[in-house]
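One structure is given below, encoded as structure tokens.
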Amino acid sequence: MARILITSALPYINGIKHLGNLVGSQLPADLHARYMRARGHEVMFLCATDEHGTPAELAAAKAGQPVADYCAEMHEVQAQLARGFRLSFDHYGRSSSPQNHWLTQHLAGRLADAGLIEEVTERQVYSIADGRFLPDRYIEGTCPNCGYERARGDQCENCTKQLDPTDLINPRSAISGSTDLEVRETKHLYLRQSAMRGKLNDWIDSKTDWPILTTSIAKKWLNDGEGLQDRGITRDLDWGIPVKKGDADWPGMEGKVFYVWFDAPIEYIACAAEWAAANGRSEADWRRWWRTDEGADDVRYVQFMGKDNVPFHTLSFPSTIMGSGEPWKLVDYIKSFNYLNYDGGQFSTSQGRGVFMDQALSILPSDYWRWWLLSHAPESGDSEFTWENFQASVNKDLADVLGNFVSRVTKFCRSKFGETVPEGGAWGDREAALVAGLSDRIAAYARQMEAIEIRKAAAELRAIWVMGNEYLQEAAPWTVVKSDPAAAAAVTRLALNLAALYAVLSEPFIPDAAETLREAFGLDRLAWPASAEAALSRLAPGQPFRVPDVLFAKISDDDRAEWQIRFAGTR
RNA sequence: GGGCCUGUAGCUCAAUUGGUUAGAGCAGAGCGCUCAUAACGCUUUGGUUGCAGGUUCGAGUCCUGCCGGGCCUACCA
């Protein structure tokens, strides 16, 4: 039995995430966690809301709430949605937790002691009306290059020229529109990532099995221009983790907080401490997952994230870990994803374009979304959600191939033998062939799941479902029953077992349907099959079962058309 | 501007890393079945692998150029 530590990129606290966010991190992480648990491994699956930063402050202000209250509320909303999608976190934490405050300050102190922190005085734009420093992209003005009037302080979206906020003509605050701006000096801490460059490079080079998407982004940042740049890890904000050197004050940094990208990954660790606190566990219980000197040396750590997160997970966070000089667990495998587009364009939070997690659950159960999203995960390139494709895939795969199989088997049995597993008859060549074919397919499915090749795994699972229909068609118990009831009973018994097996194999993708089947067949738990042969004899003759309700109702053309309009955006 | 990814059947994607005749699912066509959510099974149509060159006994795969799509480019997270 192995020990697998799994983290999903932390969803930002600001608002409800769309399906593209979901499929890029939390959902595939959940698939992996469920599969590894099913295989009997010890799993620690952690996620949390990422709560600091300017957008959180602004969203709270817009909602007319203190930022702490806003975050607490939004955390609950997101936690509820996570439950709705059956994301099986061992703990869903908060980057604003006391544990993260402590650990972030502790690690910053360690980095300072190691000489990896530099104090830099810089000049930043301050908005007097807003009473705050403005990040570059929160300053708008006229582009000096092309004259576009809504250029941002970091880059002009019209001509793509990189800008400095002071380049802008008629600069104004993007928050209030105020032009009462001035440049002020402010001091910040920088993490000397450049000093870690060689170490990081060697480390990345050693990860030959990582997705190209992951390593190519890391390499680019390591080698681009003058190489990896130092990075500011503090900000002039009220909401965040106060800058301290361990327990001690940090002279000159009063009133400042750590940058959200510094403290967010540290929450991966702190989240485990939250888990322990929330479950009455000891310090040692969580540290055995994270400290290689306290039991984590045999842990395999896998991270899931969208491609935009890769630099922080391949370079910044490892710099923090390595630079601390303490034996915290480094990531072993990073699974990164491209983007999911929506019907010919991007998902857009501001324009309400696309499907958001709450809306998705309001129209269909989570299994539908889980299946489509995972079986179309943007692994090799960006992928696209269209309602036509969603309707076709879900109706065919879930309703026809899987759902109808369960339906025809259980209803046939009920009408000919009653609602108990029939006895009598024996397996013949056809059953032996099925066992052999199934063994191969299950092995292939397991291989893809181990490799976290999600679309390929989904295709294998679907092929396993298809085998049930093929078998039934060939065995034709509805004909055989007329002349040889015992033979028909054997076929039916095997087919019922097949349905029960599907519950086990499908659980990582569609946990609710798996649970429905588990109950229908009176199984106490969903144990991974030791062999196809054994799995197909699991339900004993005479054992009662229930005919489950329709597992997956089909999506009608009317529904599809209505949703297509409802989620088109520009609301 | 620089970099990375990508282009394969009407659609969504494969192709054991250079190896026989480029494969699946969906959609389409035909046949079969009647247990089942008008579901299922079998058969089948469909490709100058974006374009043009090159390397090689052999190229979807490697090289060069062009065309198209996408992403990143460090103070949003």
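On the C1' atoms, B/C57 is 13 Å away from B/U20, given to the nearest whole Å. Atom C1' of B/C72 sits at a distance of 31 Å from the matching atom of B/G53, rounded to the whole Å. As rounded to the nearest Å, B/G32 and B/G19 have P atoms that lie 43 Å from one another. Taking atom C1' on both nucleotides, B/C11 is separated from B/C51 by 23 Å, rounded to a whole Å. Using P as the reference atom, B/C42 and B/G25 are 9 Å apart when rounded to the nearest Å. The separation of B/U48 from B/C67, taken at their P atoms, amounts to 24 Å, rounded to a whole angstrom. The P atoms of B/U73 and B/G10 are separated by 36 Å, rounded to the nearest whole Å. Taking atom C1' in both B/C62 and B/G23, the straight-line distance is 22 Å, to the nearest Å.
Regarding A/D557, its CG atom lies at a distance of 14 Å from the P atom of B/A38, rounded to whole Å. Rounded to whole angstrom, the span from the CZ atom of A/F337 across to the C1' atom of B/C5 amounts to 16 Å. Atom CG of A/N469 is separated from atom P of B/C33 by 18 Å (rounded to the nearest Å). A/Y502 places its OH atom 12 Å from the C1' atom of B/C40, with the value rounded to the nearest Å. Taking atom CD of residue A/E453 and atom C1' of nucleotide B/U17, one finds them 14 Å apart after rounding to whole Å. Counting to the nearest Å, the P atom of B/U12 and the CG atom of A/D397 are 16 Å from each other. Here B/A24 presents its C1' atom at 18 Å from OH of A/Y445, a figure rounded to the nearest Å. B/C35 atom C1' lies 5 Å from atom CH2 of A/W478, rounded to whole Å.
For A/D557 and A/Q391, the side-chain atoms include at least one donor-acceptor pair closer than 3.5 Å.
Both A/A399 and A/H188 lie close to RNA chain B; mapped to their nearest nucleotides by heavy-atom distance, the more 5′-ward contact belongs to A/A399.
Counting non-hydrogen atoms under 4.0 angstrom, A/K456 reaches the backbone sugars and phosphates but no base. Using a 4.0 Å heavy-atom criterion, one finds that A/V491 contacts no nucleic acid atom at all. Counting any heavy atom pair closer than 4.0 Å across all strands shown, A/S393 reaches no nucleic acid atom. Note on A/K307: only backbone sugar-phosphate atoms sit closer than 4.0 angstrom, heavy atoms only; bases stay farther off. Across all strands, A/V550 comes closer than 4.0 Å to base atoms (heavy-atom distances).
Between A/R235 and the phosphate of B/C76, there is no side-chain N or O to OP1/OP2 separation shorter than 4.0 Å. Checking the phosphate oxygens (OP1, OP2) of B/A39, no side-chain nitrogen or oxygen of A/K411 falls inside 4.0 Å. For the OP1/OP2 pair of B/C40 and a distance below 4.0 Å, the side-chain nitrogens and oxygens of A/K396 include at least one atom meeting the criterion. Between A/R455 and B/A14 there is a side-chain polar atom (N or O) within less than 4.0 angstrom of OP1 or OP2. Using a 4.0 Å cut-off, some side-chain N or O of A/Y259 falls inside it from OP1 or OP2 of B/A77. For the pair A/R137 and B/C75, the criterion of a side-chain N or O lying under 4.0 Å from OP1 or OP2 is not met.
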Practice task
Check step by step if side-chain hydrogen bond (donor to acceptor under 3.5 Å, both in side chains) holds for A/Y70 and A/E57.
Solution key: CA-CA 9 Å; A/Y70 172 83; A/E57 288 193 344; over 6 Å; no
Exercise for the section: Please step through side-chain hydrogen bond (donor to acceptor under 3.5 Å, both in side chains) for the pair A/D559 and A/S556, ending with a clear verdict. Expected result: CA-CA 5 Å; A/D559 284 340; A/S556 70; 3.3 Å; yes
Practice task
Test ring pair (Phe, Tyr, Trp, His ring centres under 6.0 Å) on A/Y268 and A/H313 and set out the steps.
Solution key: CA-CA 11 Å; A/Y268 290 144; A/H313 288 78; 5.6 Å; yes
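For A/E453 and A/R447, the salt-bridge test fails: no basic side-chain N is under 4.0 Å from an acidic carboxylate O.
In this structure, CG in A/L461 is found 8.0 Å from CG in A/L402, a value given to the nearest 0.5 Å. Taken to the nearest 0.5 Å, the OG atom of A/S173 stands 8.0 Å off from the CD1 atom of A/I139. Note: A/L315 CG to A/N201 CG = 9.5 Å, rounded to the nearest 0.5 Å.
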Handout entry: Under the 3.5 Å Watson-Crick or G-U criterion, the dot-bracket string of RNA chain B, with | for inter-strand pairs
Key = (((((((..((((.....[...)))).(((((.......))))).....(((((..]....))))))))))))....
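B/U12 takes the anti form, because its glycosidic angle lies more than 90° either side of 0.
Ring-to-base geometry does not place A/F412 in a stacked arrangement with B/C35 (centre distance under 5.5 Å, plane angle under 30° required).
Stacking of A/R235 on the aromatic ring of A/Y259 is recorded, both the 6.0 Å distance cut-off and the 45° axial limit being met.
Side-chain atoms of A/E470 stay outside donor-acceptor range of the base of B/C42, with no qualifying N/O pair under 3.5 Å.
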